[in-house]
Amino acid sequence: MQLRGHWYRGGTSKCWLFDAEDVAPHAGSREQIRNLLADAFGAADARQLDGIGGGTSTTSKAAVVRATPEGPADLDYLFAQVGIGDPTVELGSNCGNCATAIALYAVQSGIVPPQAGSTRVRMRNLNTGAVLSGTVATPGGRIPASGLASVPGSSALGVPVSLSFHAPWGRTTGAVLPTGSVADQISADGLILTATLVDAGAPAVLIPADEAGIDLSVMTGNLSEQLPRLVAARASAGLMMGLRKPEDPPQNAVPKVGVVAESGDYIAADGTRIAADTHDLRVRMLSMLAPHPAIGLTSAVAVSLAAALPGSVVAKVLPPADSAHQRRRLLRIGTPAGVITTEVVTDDNGDVSEVALHRAARHLAVADIDVAQPVALTA
């Protein structure tokens with residue numbers, strides 16, 4: 001069985017994009033889509049040797065895209081985080097880097113006609129119901145094939161895409177703060193940790209780095225000693241946020257889990273020294289079961305929302321805010337790949353209404369994929 005796929009780099013991830021009409025003859029239900037993608041990616045093998053997967057969490061992603069010209073957005077997409085060494089596919093989250101790629105794909109494939117200067121693509125994430133917009137550079141109304149934009153974590157250049165996440169938040173759990181508190185106590189690996197559980201961009205659990213026993217002055221290690229603690233924190237938070245029931249196995253993709261600390265000199269993953277005055281806080285996140293090489297965009301949104309909540313573990317590590325109210329603020333986040341900046345927009349009530357990030361995307365290939373184990377459709 002052959003399946004047409006479009007391979008894109010979005011930000012610091014690679015994502016296979018599939019037109020829903022190409023997927024429909026092979027998989028109708030979400031369970032069938034899971035099976036189809038697991039087989040196409042070779043998910044059961046840790047190297048994904050017999051499939052199109054990249055063998056890492058940031059290169060084992062997919063999205064099924066459907067144009068919706070009469071809908072609330074230009075297109076709908078179902079995001080999939082494909083297992084590595086595990087034939088599972090999680091459909092409970094979102095990915096901003098893949099959304100960046102989808103915005104460019106929408107313009108290049110004709111879903112959204114290019115406009116003079118820039119083209120705005122509205123996208124609805126079917127996993128969470130969240131609506132995002134991606135503004136693609138289209139100078140002169142031309143469809144871009146390449147660009148000169150780059151992002152921390154990759155030296156590769158691509159088409160500039162400004163990606164915005166829009167309120168309302170709490171799309172997955174029903175509330176920005178699923179427990180109703182800006183700070184909770186969670187059990188993890190025999191310890192009780194302070195955490196902020198927030199649902200914005202994606203559900204996330206954010207923990208003070210010192211409580212988790214993690215030193216963010218160096219971001220080069222693999223966190224092997226602390227990994228069980230962070231995975232246990234994710235499992236506990238998943239229960240508290242209503243993402244799973246006690247009898248359900250913990251998920252590897254959600255909630256996102258990470259640690260935060262105040263700004264300070266640190267060594268990035270490539271050995272570069274990052275000065276304390278270049279960022280407002282330091283963050284390190286997990287991606288599935290390994291440290292993220294940068295930060296997922298949905299995680300950056302969660303951090304940005306938590307930063308605006310007095311009393312949260314993120315707000316407590318930030319320097320004092322300016323007294324004057326600003327509708328647009330920049331939050332500089334120190335990550336293993338360097339410093340990324342989010343633009344946080346608030347409404348008249350001071351609530352965060354939008355979080356924007358500047359990214360880059362590039363089309364890599366189009367392929368007819370031979371899926372080794374065709375999915376058996378049910379009647």
Begin with the C-alpha distance, continue with both residues' side-chain angles, and end with the deciding distance and a verdict on side-chain contact (heavy atoms from CB on, under 4.5 Å) for F165 and V352. CA-CA 10 Å; F165 293 73; V352 177; over 6 Å; no
Does anything in [range] pair up under salt bridge (charged side-chain N to carboxylate O under 4.0 Å, His left out), and if so which pairs, sequence neighbours excluded?
{"range": "residues 156-174", "answer": "none"}
{"range": "residues 71-92", "answer": "D76-R124"}
{"range": "residues 259-275", "answer": "E262-R282, D265-R273"}

Would you please indicate if the ring centroids of F18 and H6 are separated by under 6.0 Å?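 No, too far apart.
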Membership question, hydrophobic clusters at under 4.5 Å side-chain separation (ILVMFWY): are [Y] and [X] in the same one?
{"X": "Y105", "Y": "V112", "value": "yes"}
{"X": "L37", "Y": "W16", "value": "yes"}
{"X": "L78", "Y": "L75", "value": "no"}
{"X": "L281", "Y": "L216", "value": "no"}

Side chains of [X] and [Y] in contact at under 4.5 Å (non-hydrogen atoms):
{"X": "D50", "Y": "D45", "answer": "no"}
{"X": "W7", "Y": "L17", "answer": "no"}
{"X": "K61", "Y": "V82", "answer": "no"}
{"X": "T341", "Y": "I333", "answer": "no"}
{"X": "Y266", "Y": "D215", "answer": "no"}
{"X": "P203", "Y": "K256", "answer": "no"}
{"X": "V198", "Y": "V176", "answer": "yes"}
{"X": "F41", "Y": "I84", "answer": "no"}

[X] atom [atom1], over 12 foreign heavy atoms within 6.0 Å:
{"X": "E70", "atom1": "CD", "value": "no"}
{"X": "Q185", "atom1": "CD", "value": "yes"}
{"X": "R47", "atom1": "CZ", "value": "no"}
{"X": "R244", "atom1": "CZ", "value": "yes"}
{"X": "D370", "atom1": "CG", "value": "yes"}

With L3, the side chain to side chain contact (heavy atoms under 4.5 Å, CB included) member among D368, I52, V23: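 The passing option is V23.
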Which atom names give the shortest non-hydrogen contact between [X] and [Y], and what distance separates them?
{"X": "R284", "Y": "P336", "answer": "NE-CG, 3.9 Å"}
{"X": "C15", "Y": "A63", "answer": "SG-N, 4.1 Å"}
{"X": "F79", "Y": "C98", "answer": "CE1-SG, 3.9 Å"}
{"X": "M123", "Y": "A103", "answer": "SD-N, 3.9 Å"}
{"X": "H292", "Y": "T58", "answer": "NE2-CG2, 3.8 Å"}
{"X": "A43", "Y": "P87", "answer": "CB-CA, 4.0 Å"}

Just do the side chain to side chain donor-acceptor pair (under 3.5 Å) check on Y77 and N94 with the steps written out, would you? CA-CA 10 Å; Y77 71 96; N94 192 8; 2.6 Å; yes
Derivation and outcome, side-chain contact (heavy atoms from CB on, under 4.5 Å), residues D199 and W169: CA-CA 7 Å; D199 181 4; W169 315 107; over 6 Å; no
To the nearest 0.5 angstrom, please state how far the [atom1] atom of [X] sits from the [atom2] atom of [Y].
{"X": "I111", "Y": "R66", "atom1": "CD1", "atom2": "CZ", "answer": "11.0 Å"}
{"X": "Y8", "Y": "S13", "atom1": "OH", "atom2": "OG", "answer": "15.5 Å"}
{"X": "H26", "Y": "Q2", "atom1": "NE2", "atom2": "CD", "answer": "9.0 Å"}

Considering only distance and modelled atom types, tabulate donor-acceptor pairs under 3.5 Å from the side chains of residues 354-365, sequence neighbours left out.
unit_1	atom_1	unit_2	atom_2	d
E354	OE2	S164	OG	2.8
R359	NH2	N97	OD1	3.2
H363	NE2	A365	O	3.1

Side-chain donor-acceptor pairs of residues 220-239 under 3.5 Å, sequence neighbours excluded:
unit_1	atom_1	unit_2	atom_2	d
N222	OD1	S224	N	3.0
N222	OD1	S224	OG	3.3
Q226	NE2	G213	O	3.2
R229	NH1	A212	O	3.0
R234	NH1	N252	O	2.8
R234	NH1	M288	O	3.2
R234	NH2	N252	O	3.4
R234	NH2	M288	O	2.6
S236	OG	S187	O	2.5
S236	OG	A232	O	3.3

Begin from the C-alpha positions of T179 and D184 and carry the test side chain to side chain donor-acceptor pair (under 3.5 Å) through to its verdict. CA-CA 8 Å; T179 67; D184 290 284; 2.7 Å; yes
Audit row: T272, I267, side-chain contact (heavy atoms from CB on, under 4.5 Å) steps and yes/no: CA-CA 6 Å; T272 303; I267 304 301; over 6 Å; no
If we ignore angles and hydrogens, is there a donor and acceptor under 3.5 Å between the side chains of [X] and [Y]?
{"X": "S57", "Y": "S287", "result": "yes"}
{"X": "D280", "Y": "S263", "result": "no"}
{"X": "S60", "Y": "Q81", "result": "no"}

Any chance you could lay out the side-chain contact (heavy atoms from CB on, under 4.5 Å) test for S93 and N127, step after step, and finish with the verdict? CA-CA 6 Å; S93 187; N127 310 70; 5.9 Å; no
Any donor-acceptor pair under 3.5 Å linking the side chain of S29 with the backbone of Q32?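 It does hold such a pair.
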Would you give me the side-chain donor-acceptor pairs under 3.5 Å for residues 299-306, sequence neighbours excluded?
unit_1	atom_1	unit_2	atom_2	d
S304	OG	A300	O	2.8
S304	OG	T342	OG1	2.9

Assess the residue pair N349 and D347 against the criterion (side chain to side chain donor-acceptor pair (under 3.5 Å)); give the C-alpha distance rounded to whole Å, side-chain angles, the decisive distance to 0.1 Å, and a yes or no. CA-CA 5 Å; N349 298 319; D347 59 21; 4.5 Å; no
Any chance you could lay out the side chain to side chain donor-acceptor pair (under 3.5 Å) test for T138 and T119, step after step, and finish with the verdict? CA-CA 6 Å; T138 51; T119 302; 2.9 Å; yes
